[in-house]
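Below: one structure, written as structure tokens.
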There are 2 protein chains.
Amino acid sequence: MTTQEAAGIQAVDRAFDIVETLTELDGAGVSELGRHLELPKSTVHNHLQTLERNEYVVRQDGEYRAGLKFLRVSETARNQHELYQIARSEVDHLAEKTGEISALMIEEHGRGVFVYRSRGSEAARIDTCVGDRVPIHCTALGKAILAFLPPERRDEIVDRHGLEAVSPNTITDREVLAEELEAIRDRKIASDDEERLSGLRSVAAPILDGSNAVIGSISVAGPTHRMRGERFETELPEMVLGIANVIELNIQHT
Amino acid sequence: MTTQEAAGIQAVDRAFDIVETLTELDGAGVSELGRHLELPKSTVHNHLQTLERNEYVVRQDGEYRAGLKFLRVSETARNQHELYQIARSEVDHLAEKTGEISALMIEEHGRGVFVYRSRGSEAARIDTCVGDRVPIHCTALGKAILAFLPPERRDEIVDRHGLEAVSPNTITDREVLAEELEAIRDRKIASDDEERLSGLRSVAAPILDGSNAVIGSISVAGPTHRMRGERFETELPEMVLGIANVIELNIQHT
DNA sequence: TCGAAGCGTTCCACGATGCTGAACATTTAT
DNA sequence: ATAAATGTTCAGCATCGTGGAACGCTTCGA
């Protein structure tokens, strides 16, 4: 690379770089990839052949694309989360009952990963997709997790990723965040007032396992004009909390 | 490896080997992985660190697991298939209307990949999952695709993968297969009479794009006792064909 | 309480191996 | 018909991944 920042296996780093830019470009050829990654064609070619042999890359119409074998890996990785298996139908349920979008998040590497999402009948247009990774401090889902992490993990995450302003309403001050997390711990409810996306509000609750460690969170999200007053303050929080409790009970029974 | 079969990048091959066994073992430590792959701990460690830096592997409770970043890759890879975007809701529709399991398949590297699946109210218990890759000759979905591939691709696939007997009913004779594919081309309908799984029958139709090339297939599958007579011979085929036509129309309009 | 055995991690030297640039085909565009 | 893309092959060099051994650390069992 440009600097000697990384002390990993170069070839592996590059392989994943290639796969990622391949998805970004929606498929590409050897030369095009080489240009984007500033690598000689031969190197890229070599990697693509290796990736194709392993079926992680597919070639069609003279273009290379990311293969569906990733689906196999991701699907088993996701299914290995007991939380996903259990929460899935409950998230569907929540979406149906509220008519809005409901989602499940798990934290990884200090970021929030959307693991599942279900759309109710009135659901807003899609903003995020399953698999998306967002800064953890700017979502109700993320804050619900953050609030219940052990303090040292919490600090570590904020130190590493900072508090980037994703929207005008994003919390960017550590003090303010700390207070909000405190409040979240009290109510077991987090909310997001257009902190990630203007026009979008959401309500979330953490999911704790048998030993009271957070393993994820669930939420309901919708356009601000539908998320206000009694509904936003009381109704939805109670619903979300109710479903969260159901999930927690199911988790402890397995 | 044991032989010098592969002419690819060793480090990359190993990285994916590690990820795959990691999913198989449902998480593992350095030593355990080393034993399974017959590699020294130091090598495995080196790889795991690289993979973790890239967030494709996560460490928790002293165990390494495949990370959810794969979800990001697979999700974008899947969404790049126009077919998936369009067929998804129609497959849901088909599952609802029939009460059975409905699925979407795309061919990759000569195998059939389950890209999406929807369960109706009466749906049989789960047998395969999204992301699973099955021999293409033993499913209605696979045969529907195979029948409409260009003859040279067809031969190439059969040559490479053979006709393994997956169940007692699997077609293992090239002649027999050729005849069946001929019939499938006539009706635009393929069926599977317990050829992959005993007790499971299914009906599938190919999806062709604007230039009459197969891009995938859809199906309905259920327990044999519900899949017989008029329903199996006429009703379901007509429904599947109908939905397939809807999808094809939508595809050509984009 | 103290070993013994397991784990993950670090170190270093060797040599296999991934990287590169240039030359080669092959297709597309002008 | 020429030029400029493309993907592919090749071979030499230096790199960098490899793997053995040694290091701490925890977890057992005696």
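Sequence lines set the chain letters: A, B, ... in the order given, protein chains first and strands last, and positions in each chain run from 1.
Contact annotation for A:Ser31: backbone-only contact, meaning every heavy-atom pair under 4.0 Å involves sugar-phosphate atoms and none involves a base.
Residue pairs meeting the ring pair (Phe, Tyr, Trp, His ring centres under 6.0 Å) criterion with at least one member in residues 30-50 of chain A, sequence neighbours excluded, do not occur.
Of all non-hydrogen atoms in A:Lys188 and A:Pro206, the two that sit nearest each other are O-CD, 3.4 Å.
In this structure, A:Arg14 reaches the C:dT20 phosphate: one of its side-chain N or O atoms is under 4.0 Å from OP1 or OP2. Taking 4.0 angstrom as the limit, A:His45 places none of its side-chain polar atoms (N or O) nearer than this to OP1 or OP2 of D:dG7. Distances shorter than 4.0 Å separate some side-chain N or O of B:Gln10 from OP1 or OP2 on D:dT18. Contact between the side-chain N/O atoms of A:Ser42 and the OP1/OP2 oxygens of C:dG21 is not found at any separation under 4.0 Å. Phosphate proximity of C:dG6 to B:Arg35: absent, as no side-chain N or O sits under 4.0 Å from OP1 or OP2. Between A:His47 and the phosphate of C:dG18, there is no side-chain N or O to OP1/OP2 separation shorter than 4.0 Å.
Between B:Phe16 and A:Phe16, the ring-plane angle classifies as tilted under the 30° and 60° cut-offs.
At whole-Å resolution of the value, CG in A:Leu48 and P in D:dT9 are 13 Å apart. Between A:Ile9 atom CD1 and D:dT18 atom C1' there is a gap of 9 Å when expressed in whole angstrom units. One interatomic measurement links the two molecules: CG of A:Asn46 to P of D:dT9, which rounds to 11 Å at whole-angstrom precision. Summarising the geometry, the separation between CG on B:Asp61 and P on D:dT26 is reported as 17 Å, rounded to the nearest angstrom. If you measure from atom CD1 of B:Ile18 to atom P of D:dG17, you get 13 Å, rounded to the nearest angstrom. Distance A:Leu39 CG to D:dT8 P: 16 Å, rounded to the nearest Å. The separation between B:Leu37 atom CG and D:dT18 atom P is 12 Å, rounded to whole Å. Rounding to whole angstrom units, CG of residue A:Leu33 and P of C:dC19 are separated by 14 Å.
Closest-nucleotide positions on DNA chain D for A:Val30 and B:Thr43 were compared, and the one nearer the 5' end corresponds to A:Val30. Residue-to-nucleotide proximity on DNA chain D shows that, of A:Tyr64 and A:Val12, the 5′-proximal contact is made by A:Tyr64.
Of the candidates D:dT6, D:dG17, C:dT9, the closest approach to any side-chain atom of B:Arg59 belongs to C:dT9. The side chain of A:Pro40 approaches C:dG21 more closely than any other nucleotide in the set C:dG21, D:dG7, C:dG18. Each of D:dA22, C:dG18, D:dT6 was ranked by its minimum atom distance to the side chain of B:Lys41; first place goes to D:dA22. Of all nucleotides listed (C:dG18, C:dT10, D:dT9), D:dT9 comes nearest to the side chain of A:Gln49.
A salt bridge links A:Lys143 and A:Glu195; the closest N-O separation between the charged side-chain nitrogens and carboxylate oxygens is under 4.0 Å.
Counting heavy-atom neighbours within 6.0 Å of A:Glu175 CD, excluding the residue itself, gives a total of 12 or less. Other residues, nucleotides and ligands contribute only 12 or fewer heavy atoms inside 6.0 Å of the CZ atom of A:Arg125.
For the side chain to side chain donor-acceptor pair (under 3.5 Å) criterion with B:Tyr64, the lone passing option out of B:Glu32, B:Arg59, B:Gln49 is B:Arg59.
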Show your reasoning for whether side-chain contact (heavy atoms from CB on, under 4.5 Å) applies to A:Arg14 and B:Ile9. CA-CA 11 Å; A:Arg14 287 186 171 171; B:Ile9 300 176; over 6 Å; no
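Each end of the helix from C:dT1-D:dA30 to C:dA29-D:dT2 gets its own axis, taken as the rotation carrying the C1' atoms of four end pairs onto the next four within a five-pair window, and the two axes meet at 40° to the nearest 10 degrees.
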